[in-house]
Amino acid sequence: MTLLLAEGKQLTLQPTGSYAVVAITKHGVELARELHSTFPQTDLFYMSKFERGDETERNITLFDGNVRMLLPSLFKSYKGIVMIISLGAVVRMIAPLLKDKKTDPAVVVIDDKGNHVISVLSGHLGGANELTKQLADHLNATPVITTASDVQKTIPVDLFGRKFGWVWDSAEKLTPVSASVVNEEPVAIVQESGERNWWNYDKPLPSHITVYETMEEAIRAKPKAALLVTHRLLSNEEQQLLHNGVLYRPKVITLGIGCNRGTSLDEIEQVIQETLKELKFSIKSVKAICSIDLKKDEEGLIAVAKKYQWDFTYYTPEQLNSVKIDTPSDTVFKFTGAYAVSEPAARLYSGADYLVITKKKSGNVTLSVALISH
């Protein structure tokens with residue numbers, strides 16, 4: 001396909017990959033074609049004057065006109081853009097398109113000979129730094145990354161725990177807390193739950209970052225900033241750590257659910273929300289709901305899992321019966337073949353020896369709550 005680019009023309013692209021590779025020079029096209037052949041999830045765009053005749057077969061898009069006209073559509077359509085164009089030209093072209101780091105795509109620049117791969121935009125949240133490392137490794141090139149936390153080999157606040165699925169309660173303090181980390185001000189970390197192997201550098205944690213066992217210890221230390229990792233809702237006293245702090249929610253809560261056929265999303269959701277509120281747990285820390293395989297097509301369960309993007313796992317009666325429980329039910333066994341549903345399902349998924357809530361019956365829903373231990 002050939003695109004004719006002109007001022008004011010709106011392009012509708014149909015990406016097949018996550019990343020767009022763009023080239024406008026002879027040597028750049030050679031490098032781009034090699035990347036497109038061997039690097040996964042890329043769509044290739046280059047000027048039609050470099051046409052080879054195999055573009056349709058290889059699903060390569062040609063264009064005529066100024067490449068600057070192509071960028072608005074690429075920004076909307078791709079997770080990342082790799083530009084084999086000079087850095088200065090790229091900066092000038094993308095400047096009018098920038099919005100914020102939470103929505104801008106990753107932008108990576110490669111020089112015409114493939115000697116350097118440069119992370120330009122959305123290094124952390126957009127993934128440009130990681131993409132830069134991957135491309136540099138692929139091309140045997142030098143990665144150029146200028147993000148302070150990466151250069152100093154310290155904690156990237158906006159990516160802390162992201163690889164495990166952690167989410168933050170609020171992005172409001174990401175920037176000032178990041179400043180405290182890279183400026184070597186006293187920073188407290190308190191972790192009550194979630195994965196523990198978040199420090200991946202082959203050196204000790206920087207001396208200005210201290211891990212405390214409890215929130216109380218961190219409060220007494222009066223740090224300049226704090227990183228808090230917990231599934232709990234904080235008390236009023238603990239919230240003072242968020243004056244310059246970020247609260248992360250690890251995915252550690254498992255919900256075992258049994259319900260009558262046809263139970264609505266609203267009823268299931270209400271029971272979950274009420275239960276978590278009673279426990280003072282954050283709904284953002286829920287990882288999965290689980291049940292018996294008889295419920296794998298239960299619309300209410302499917303809907304709540306989809307709404308919150310939770311895992312939905314189900315087990316056979318034999319799997320559920322393999323878990324020893326205190327109060328097996330002959331009635332439940334009569335209808336399902338299992339002596340219980342919510343309790344063993346929660347334990348199977350979480351691997352927990354005991355449950356936070358063994359069994360709570362509310363209307364058409366039975367709920368068990370377990371925590372995944374790391």
Side-chain angles (χ1 to χ4, degrees), residues 1-112 114 116-136 138-139 144-145 147 158:
M1 178 175 66
T2 301
L3 302 173
L4 180 62
L5 305 181
E7 291 283 354
K9 183 174 182 179
Q10 296 294 316
L11 302 175
T12 301
L13 301 178
Q14 296 180 330
T16 60
S18 300
Y19 303 100
V21 178
V22 184
I24 60 172
T25 65
K26 177 182 177 182
H27 293 295
V29 167
E30 289 292 339
L31 181 59
R33 284 171 61 92
E34 191 277 330
L35 270 181
H36 180 56
S37 297
T38 58
F39 198 77
Q41 291 294 305
T42 57
D43 291 343
L44 177 55
F45 299 79
Y46 56 76
M47 299 184 74
S48 59
K49 67 180 180 180
F50 300 113
E51 183 174 359
R52 303 293 177 81
D54 62 352
E55 283 78 11
T56 299
E57 177 186 343
R58 295 181 57 178
N59 197 29
I60 296 171
T61 301
L62 302 173
F63 63 88
D64 291 314
N66 195 321
V67 66
R68 178 170 58 87
M69 299 294 100
L70 179 62
L71 291 181
S73 296
L74 297 184
F75 258 60
K76 294 177 182 177
S77 304
Y78 290 92
K79 177 181 178 181
I81 305 169
V82 180
M83 304 186 71
I84 308 176
I85 303 172
S86 73
L87 177 59
V90 170
V91 170
R92 285 190 293 271
M93 287 189 289
I94 67 174
L97 304 175
L98 305 185
K99 294 181 180 179
D100 64 72
K101 65 179 182 180
K102 294 189 288 293
T103 57
D104 290 335
V107 176
V108 172
V109 164
I110 303 177
D111 68 84
D112 217 39
H116 297 87
V117 184
I118 308 169
S119 176
V120 178
L121 183 68
S122 296
H124 278 167
L125 294 183
N129 289 358
E130 185 59 32
L131 179 60
T132 293
K133 294 173 186 175
Q134 293 174 0
L135 289 168
H138 181 79
L139 296 171
V144 181
I145 297 172
T147 312
D158 50 358

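The chain is numbered in sequence order, starting from 1.
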Between [X] and [Y], what is the shortest heavy-atom contact and its length?
X: Val109; Y: Ile85; value: CG1-O, 3.1 Å
X: Gly126; Y: Ala106; value: O-CB, 3.4 Å
X: Leu121; Y: Pro105; value: CD2-O, 3.7 Å
X: Pro15; Y: Ser77; value: CG-O, 3.5 Å
X: Ala23; Y: Phe63; value: O-CZ, 4.1 Å
X: Asp112; Y: Gly28; value: OD1-N, 3.2 Å

Measuring from [X]:[atom1] to [Y]:[atom2], what's the distance to the nearest 0.5 Å?
X: Met69; Y: Met93; atom1: CE; atom2: CE; answer: 10.0 Å
X: Leu87; Y: Arg92; atom1: CG; atom2: CZ; answer: 9.5 Å
X: Leu31; Y: Ile110; atom1: CG; atom2: CD1; answer: 5.5 Å
X: Ile60; Y: Ser48; atom1: CD1; atom2: OG; answer: 13.0 Å
X: Leu98; Y: Thr103; atom1: CG; atom2: OG1; answer: 9.5 Å
X: Glu34; Y: Leu44; atom1: CD; atom2: CG; answer: 11.5 Å

Find out whether [X] and [Y] are in side-chain contact, i.e. whether some heavy atom of one side chain is under 4.5 Å from a heavy atom of the other.
X: Glu55; Y: Arg33; value: yes
X: Phe39; Y: Leu139; value: no
X: Leu35; Y: Leu135; value: yes
X: Val107; Y: Phe75; value: yes

Reference residue Val117; test side-chain contact (heavy atoms from CB on, under 4.5 Å); the match among Val108, Val82, Val144, Ile145 =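 It is Val108; the other options fail the test.
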Criterion side-chain contact (heavy atoms from CB on, under 4.5 Å) against Ile24, the qualifying member of Val67, Val29, Asn66 = Val67
Would you say the side-chain atoms of Ser18 pair up with the backbone N or O of Gln41, donor to acceptor, closer than 3.5 Å?
->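 It does not hold such a pair.
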Would you find a donor on one side and an acceptor on the other, under 3.5 Å apart, between the side chain of Asp43 and the backbone of Ala20?
-> no
Looking at residues at least two apart in the chain, or sitting in another chain, which of them share a side-chain contact (heavy atoms from CB on, under 4.5 Å) with Asp111?
-> Lys113, Asn115, His116
If you look only at pairs with a residue in residues 13-37, which of them pass as a ring pair (Phe, Tyr, Trp, His ring centres under 6.0 Å), with sequence neighbours excluded?
->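 Qualifying pairs, neighbours excluded: none.
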Who pairs with [X] by side-chain hydrogen bond (donor to acceptor under 3.5 Å, both in side chains), at least two apart in sequence or on another chain?
X: Arg52; value: Glu30
X: Ser37; value: Arg58
X: Ser119; value: Asn129
X: His138; value: Thr38

Take Ile94 and Asp104, measure what side-chain contact (heavy atoms from CB on, under 4.5 Å) needs, and give me the verdict at the end.
-> CA-CA 10 Å; Ile94 67 174; Asp104 290 335; over 6 Å; no
When you look at Leu62 and Tyr46, which way does the side-chain contact (heavy atoms from CB on, under 4.5 Å) test go after all the steps?
-> CA-CA 5 Å; Leu62 302 173; Tyr46 56 76; 3.3 Å; yes
